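Structure first, commentary second.
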Amino acid sequence: MAKHIFITGGVVSGLGKGITGSSLGVLLKNSGLKIFMQKFDPYLNIDPGTINPIEHGEVYVTDDGGETDLDLGHYERFIDVNLSKISSTSAGKIYYEALEKERNGKFGGKTVQVIPHITNEIKQRIYKAELESKADVVITEIGGTVGDIESQPFLEALRQVRMEQGKDNVMFIHVALLPYLKVSAEFKTKPIQHSVKELLSLGIQPDVIVARSETEFEKRLKDKISLLCSIPEENVISCPDSDSIYKVPLVLESGNLHKITARQLKLDLQETNLNDWKKLVNNIENSKEILEVHIVGKYVELSDAYLSVMESLKFAGYEINKKIKINWINARKLNKNNVKEQLANAKGILVPGGFGEEGVEGKILAAQYARENNIAYLGICLGMQVACIEFARNVLNLEDANTTELDPNTKNPIIDILHGKNRENIGGTLRLGRYITSIKENTLASELYKGKEAIERHRHRYEFNNDFRKQFEENGIIFSGLYLEKDLVEIIEYSKNDFFIAAQYHPEFTSRPNKPNPLFMGFINHINKK
Ligand code: GLN
């Protein structure tokens with residue numbers, strides 16, 4: 001049987017529950033344990049796939065094609081375990097499945113209620129994660145803040161799991177804000193006390209409090225929180241703001257969070273080996289010199305919309321001790337008149353993925369600017385599609401070249417739906433998750449992937465139209481990566497430029513600290529040499 005750790009949040013959201021859980025995962029994994037992580041989100045969308053990225057940040061995609069919350073990206077980057085669809089559950093999904101059962105008569109005529117029917121669905125997911133992952137420890141983060149109406153069924157389910165499995169098998173870590181009042185120059189413990197009271201009213205006594213504060217606080221406050229929240233003093237852990245999330249595992253190690261966890265859950269820990277992690281933090285500290293990258297995106301108002309892309313760029317930067325500065329260019333505002341001025345100093349242009357019409361013409365202009373001025377270009381998903389459209393329009397002179405996502409009647413559908421799906425029904429027709437890309441020898445792609453195949457994740461509906469392949473090849477485009485089984489284009493590069501490469505897949509989802517994805521590493525190395 002696996003041990004369970006439940007992470008709840010107190011006082012305000014955005015304190016880094018995900019980072020806390022992931023950091024504990026790092027400590028336990030590097031002490032010899034097998035870790036799995038999952039997130040429960042209290043919102044009613046079935047999954048985040050349809051939420052606007054400007055509202056909720058990026059949709060993170062797992063190997064098995066789950067469209068999940070961006071926190072899963074943090075989990076994977078920290079614990080370096082490939083998670084799956086079961087790692088991401090929204091309240092919407094829980095209710096949807098329960099109501100489906102109700103319609104199919106699975107509840108045998110009973111009145112269907114939040115307790116026990118919804119809470120049972122939640123519990124099943126907890127036990128399913130344990131069974132399917134075969135992990136020693138399952139860490140579960142509960143989205144939102146204790147006290148939210150939506151999170152109550154989740155907390156009730158967790159209370160029941162603790163009651164069923166006991167304190168030796170189930171642990172609660174409460175991550176809560178310890179605010180500092182400048183006027184009176186003191187930290188205030190009252191909000192933490194109130195949020196613990198709220199948990200207690202739901203029948204949950206937390207075992208550990210991770211107090212999130214702006215700066216270190218004195219031991220006296222630990223004693224106070226300990227006394228008023230009925231928690232041993234050593235189980236009150238200080239986690240002050242850090243200039244990099246990747247330093248948090250080391251902060252929690254010094255607070256002994258892994259040892260406290262092991263003691264309560266009766267886990268055997270080997271000596272914790274954080275050498276890789278220390279190397280990463282060392283690289284981060286040594287990365288002072290700035291390297292600039294221009295990202296031409298349409299969700300630039302919220303950088304979380306491109307979280308994995310940003311982290312991937314950072315990881316590549318750390319490898320060569322460079323700090324990445326991103327210049328955000330709003331694709332919706334980019335036009336023929338301002339493109340030159342907006343991209344004038346660009347050494348590297350990255351065009352990330354996107355859906356829908358807005359900003360596409362701006363991205364096409366960015367790809368054209370990069371190609372014509374021999375500026376390093378990395379296109380991701382839509383970023384590959386726009387590079388192809390641009391090439392068709394301006395090099396092959398196919399003036400109305402387009403993707404059928406934008407212009408279903410174009411005579412030159414360079415990008416089109418090719419895999420036999422019904423165009424009317426756009427829900428559930430995406431190519432999602434992991435596919436293997438075979439890479440052509442003697443290409444930039446094969447140099448970057450060191451002759452190996454690229455195993456990468458996808459999230460898109462449209463593909464390069466093979467009817468145009470020959471024309472492209474005759475004019476300098478190399479189709480250097482293919483998904484052979486269906487003969488789909490996965491990577492294109494432009495042979496006449498020094499670094500111009502774009503992929504139909506999302507390389508950002510497989511970048512890890514100390515192991516940046518090859519496309520990002522190549523891009524950053526190239527800019528660095530310029
Ligand atoms: N909208 C494009 C498609 O569906 C690209 C998707 C993406 O960039 N993730 O194919």
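Order of listing sets the numbers, starting from 1, for every ligand and every atom in it. Every value quoted in this text rests on a predicted model; they were computed, and no experiment measured them.
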Problem set entry | Name of the residue among E289, K322, K347 meeting side-chain hydrogen bond (donor to acceptor under 3.5 Å, both in side chains) with N528 | K322
Problem set entry | Lys/Arg-Asp/Glu bridge criterion (N-O < 4.0 Å) met for E76, R512 | yes
Exercise. Taking NZ, NE, NH1 and NH2 as the nitrogens, is one of them in R77 or E311 under 4.0 Å from a carboxylate oxygen of the other?
Worked result: no
Problem set entry | Non-neighbouring partners of K470 that pass salt bridge (Lys or Arg N to Asp or Glu O under 4.0 Å), sequence neighbours left out | E474
Check ligand 1 for close polar pairs with the protein: N or O on both sides, less than 3.5 Å.
residue  : atom   : partner : partner atom : Å
ligand 1 : 1 (N)  : G354    : O            : 3.0
ligand 1 : 1 (N)  : E405    : OE1          : 2.8
ligand 1 : 1 (N)  : E405    : OE2          : 3.2
ligand 1 : 4 (O)  : R461    : N            : 2.9
ligand 1 : 8 (O)  : G354    : N            : 2.9
ligand 1 : 8 (O)  : G354    : O            : 3.4
ligand 1 : 8 (O)  : L382    : N            : 3.0
ligand 1 : 9 (N)  : R459    : O            : 2.8
ligand 1 : 9 (N)  : H506    : NE2          : 3.2
ligand 1 : 10 (O) : Q385    : NE2          : 3.0
ligand 1 : 10 (O) : R461    : N            : 3.1
ligand 1 : 10 (O) : Y462    : N            : 2.8

Seminar exercise, completed: salt bridge (Lys or Arg N to Asp or Glu O under 4.0 Å) filter on E319, not counting sequence neighbours, yields none
Return a table of donor-acceptor pairs under 3.5 angstrom between the side chains of residues 432-443 and protein atoms on other chains or two or more places apart.
residue : atom : partner : partner atom : Å
T443    : OG1  : K440    : O            : 2.8
T443    : OG1  : S446    : N            : 3.1

